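Data first, discussion second: the structure below is written as structure tokens.
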Amino acid sequence: GTDDPNTATDESKELIFAELCYTAHGDSTQRDRMIAAIVEEMYAKMQKFPALDRISFAHMDHRHWCLCSSCKAQGNPSDNLLIFLMDVAEDLKTKLVEAGDARANTFKICSLFYHATNASPTGTANYTAKLQAYMKHVEPWFAESGADHIDPYYLTDAQKNTISSNNNGNNWNANVYTYLENWKNLCNTYGADLFLWVYYSNTTSYFIPFNTFNAIRVNYGTFTDFGVDYVFNQMMESKQDWARFKEFLMSKLAWNAHPTDAEWEAWYTEYFEGAYGPGAAGMRAYFDAWDEWTTDNVNEFRRNNSYNYTSSTDASMAKDIRSSKSLLTASELEGWIVSINKALDALDVSDPNYDTYRRNIMLEKLTPMYLLMYMHDSYNSSKKTFSSTTYVSKYGEEFLTWVKEWGITQDGEGDSRKLQPFLDAIASKGYASGDVASNQVIADKQYINVDTAVTFSNTALKNATYTVSGAISGTVTANA
């Protein structure tokens with residue numbers, strides 16, 4: 001509530017109800033009450049699960065943070081959270097020791113450091129005694145949500161200059177690498193484990209080409225060199241846009257983080273032959289074309305002033321590609337489908353693995369089919385309609401069949417990215433145009449919303465049967 005001293009505030013003293021103030025605005029009594037409540041909850045959960053000694057504690061999934069003077073005095077938001085966690089660990093340890101629980105020496109509090117807490121702590125020199133005593137009971141889970149996930153965290157000087165020149169003078173991953181390095185040094189110094197949470201799918205749209213293959217390869221080498229203890233790869237619900245191939249490579253990199261070029265290529269061959277059988281050559285041709293297009297065009301998006309990596313990398317990528325018909329042309333997408341169809345044609349129906357190979361190939365065909373319909377039939381996500389039906393007519397039925405086969409229900413993360421409205425528009429044959437003005441000429445048979453009379457352009461259309469949706473105040477006429 002408004003009288004809650006534990007609620008975060010910004011510099012104008014406006015309350016930010018979604019996040020705690022981890023210093024209780026300097027009120028030590030209130031802060032002690034917060035810690036006591038959390039310790040009691042953690043202890044109760046540990047008693048319920050006596051074999052477990054890892055406890056998760058995380059701040060909210062946003063970028064807001066308290067900016068009161070007490071919080072600022074500790075350093076940055078990461079300092080606020082880390083100090084708080086160590087104080088919780090101190091009291092929890094005391095409680096476990098008093099109970100004779102051996103986990104007093106082994107328990108870990110795992111907490112995400114991301115969004116507001118992306119940057120590594122800056123005030124650690126002011127609480128080294130606390131770090132020495134209790135950092136070993138904290139496991140930072142560093143998730144660089146604001147990174148450029150297409151490029152590796154580690155870049156050579158030449159690469160940094162290239163990236164900077166194509167990002168309007170910015171190179172966000174230089175900071176990411178520094179934060180990661182700082183976190184690992186801190187953990188190494190005080191005996192703590194370091195978790196990483198990394199992003200290799202586009203959470204805004206799982207169908208948007210998102211080429212993170214080189215980033216995956218280089219990053220795993222960096223993680224190994226740093227001695228990172230655990231890595232979690234956020235792929236969400238995505239299956240399409242080579243997500244399964246990425247998962248395969250990451251499983252290999254977990255055991256060999258510095259593959260030679262020959263080993264890397266051998267993994268590609270192993271995957272394509274294993275997943276697609278006789279269709280491997282066609283699918284590799286598709287992947288190579290996809291890889292070339294994404295590599296050649298990513299800098300075009302970076303040069304676009306609206307493409308801003310500082311806060312919403314994935315969303316910017318999805319928005320820019322969807323509105324870039326001149327870059328991701330229908331001809332390019334149809335070329336990808338030609339290669340995919342060659343892979344399908346290479347399959348032998350008598351092969352006992354035919355259904356598996358075909359199913360895997362059709363998963364990857366979903367991306368170009370989706371993009372052709374969404375972009376080049378101009379899908380309107382607000383009205384849930386298409387402006388044209390060229391590709392809906394050509395690929396709609398096939399797309400619906402295989403989306404259902406693979407159980408794909410999301411176009412991206414969250415309720416706003418459910419795929420069903422897009423599927424419904426396809427199922428209605430995509431013939432929808434929204435409101436139609438009086439006496440507008442309709443060149444194609446459509447499902448329409450009207451409030452006045454409509455004139456059709458030819459006899460065939462005039463004699464057709466029309467389904468009208470929406471509130472009708474006028475009439476639909478068939479005047480030649």
Side-chain angles (χ1 to χ4, degrees), residues 1-28 30-35 37-38 41 55-88 109-124 126-127 138-149 170 172-173 175-176 178-180 182-183 195-199 202-204 232 234 236 306 308-316 318-319 412-417:
T2 56
D3 60 346
D4 184 355
N6 305 327
T7 304
T9 61
D10 63 17
E11 288 181 305
S12 66
K13 303 303 179 184
E14 292 295 323
L15 294 173
I16 305 172
F17 296 108
E19 191 58 70
L20 291 173
C21 169
Y22 292 96
T23 65
H25 306 324
D27 186 330
S28 60
Q30 288 292 340
R31 188 171 182 273
D32 288 345
R33 290 176 60 193
M34 289 168 59
I35 291 173
I38 293 169
E41 182 68 18
I55 309 160
S56 175
F57 181 93
H59 64 76
M60 298 298 289
D61 188 9
H62 55 57
R63 299 177 187 277
H64 302 300
W65 203 259
C66 187
L67 300 176
C68 73
S69 58
S70 295
C71 286
K72 287 183 175 181
Q74 289 185 339
N76 66 9
S78 291
D79 290 294
N80 301 151
L81 181 56
L82 183 57
I83 292 170
F84 186 81
L85 293 173
M86 289 190 292
D87 287 343
V88 169
I109 301 173
C110 181
S111 185
L112 280 165
F113 284 79
Y114 74 133
H115 289 341
T117 53
N118 268 153
S120 48
T122 59
T124 53
N126 299 319
Y127 51 92
V138 176
E139 287 179 328
W141 200 340
F142 176 58
E144 186 39 80
S145 53
D148 170 0
H149 306 298
N170 293 305
W172 288 272
N173 281 5
N175 287 335
V176 177
T178 298
Y179 298 155
L180 175 58
N182 290 345
W183 271 117
F195 284 22
L196 290 185
W197 183 305
V198 293
Y199 305 83
N202 191 327
T203 57
T204 301
F232 174 80
Q234 179 173 313
M236 302 301 292
S306 70
N308 179 6
Y309 275 111
T310 56
S311 61
S312 187
T313 311
D314 301 352
S316 298
K319 177 183 176 182
E413 181 182 9
D415 291 341
S416 66
R417 299 304 309 175

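As the structure is a computational prediction, the values presented were derived from the model and not from experiment. Only heavy atoms go into these numbers, but all of them, side chains included; no hydrogens, no water, no symmetry mates.
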query: How far does CZ of F195 sit from CG of L112, to the nearest 0.5 angstrom?
result: 10.0 Å

- request: Measure the OG1-NE2 distance between T117 and H59 for me, rounded to the nearest 0.5 Å.
  value: 3.0 Å

message: For the SG atom of C21 and the CD atom of Q30, what is their distance to the nearest 0.5 Å?
response: 11.0 Å

field: Non-hydrogen atoms of S111 and L85 that approach each other most closely
entry: CB-CD1, 3.5 Å

Nearest heavy-atom neighbours spanning H64 and A116: O-CB, 3.8 Å

task: Taking all non-hydrogen atoms of both residues into account, name the closest pair between S120 and W183 and its distance.
output: CA-NE1, 3.7 Å

message: Any heavy-atom pair between the side chains of V88 and F57 that's under 4.5 Å?
response: no

query: Below 4.5 Å, heavy atoms only, C-beta onward: do Y127 and P121 meet side chain to side chain?
result: yes

- request: With rounding to the nearest 0.5 Å, note down the distance linking OG in S70 to CG in N80.
  value: 9.5 Å

field: Residue list, salt bridge (Lys or Arg N to Asp or Glu O under 4.0 Å) with D415, at least two apart or on another chain
entry: K418

Minimum-distance pair of heavy atoms, taken over all atoms of N118 and E144: OD1-OE2, 3.2 Å

- prompt: When rounded to the nearest 0.5 angstrom, what distance separates CZ in R31 from OG1 in T23?
  reply: 7.5 Å

query: Does F142 offer a backbone N or O that forms a donor-acceptor pair with the side chain of W197 under 3.5 Å?
result: no

message: Using modelled atom types and a 3.5 Å cut-off, is there a donor and acceptor pairing between side-chain atoms of E19 and backbone atoms of M60?
response: yes

- prompt: Which distance, rounded to the nearest 0.5 Å, do you find between the CG of D87 and the OH of Y22?
  reply: 13.0 Å

message: Could you work out, with side chain to side chain contact (heavy atoms under 4.5 Å, CB included) as the rule, every residue matching A119, not counting sequence neighbours?
response: N76, Y179

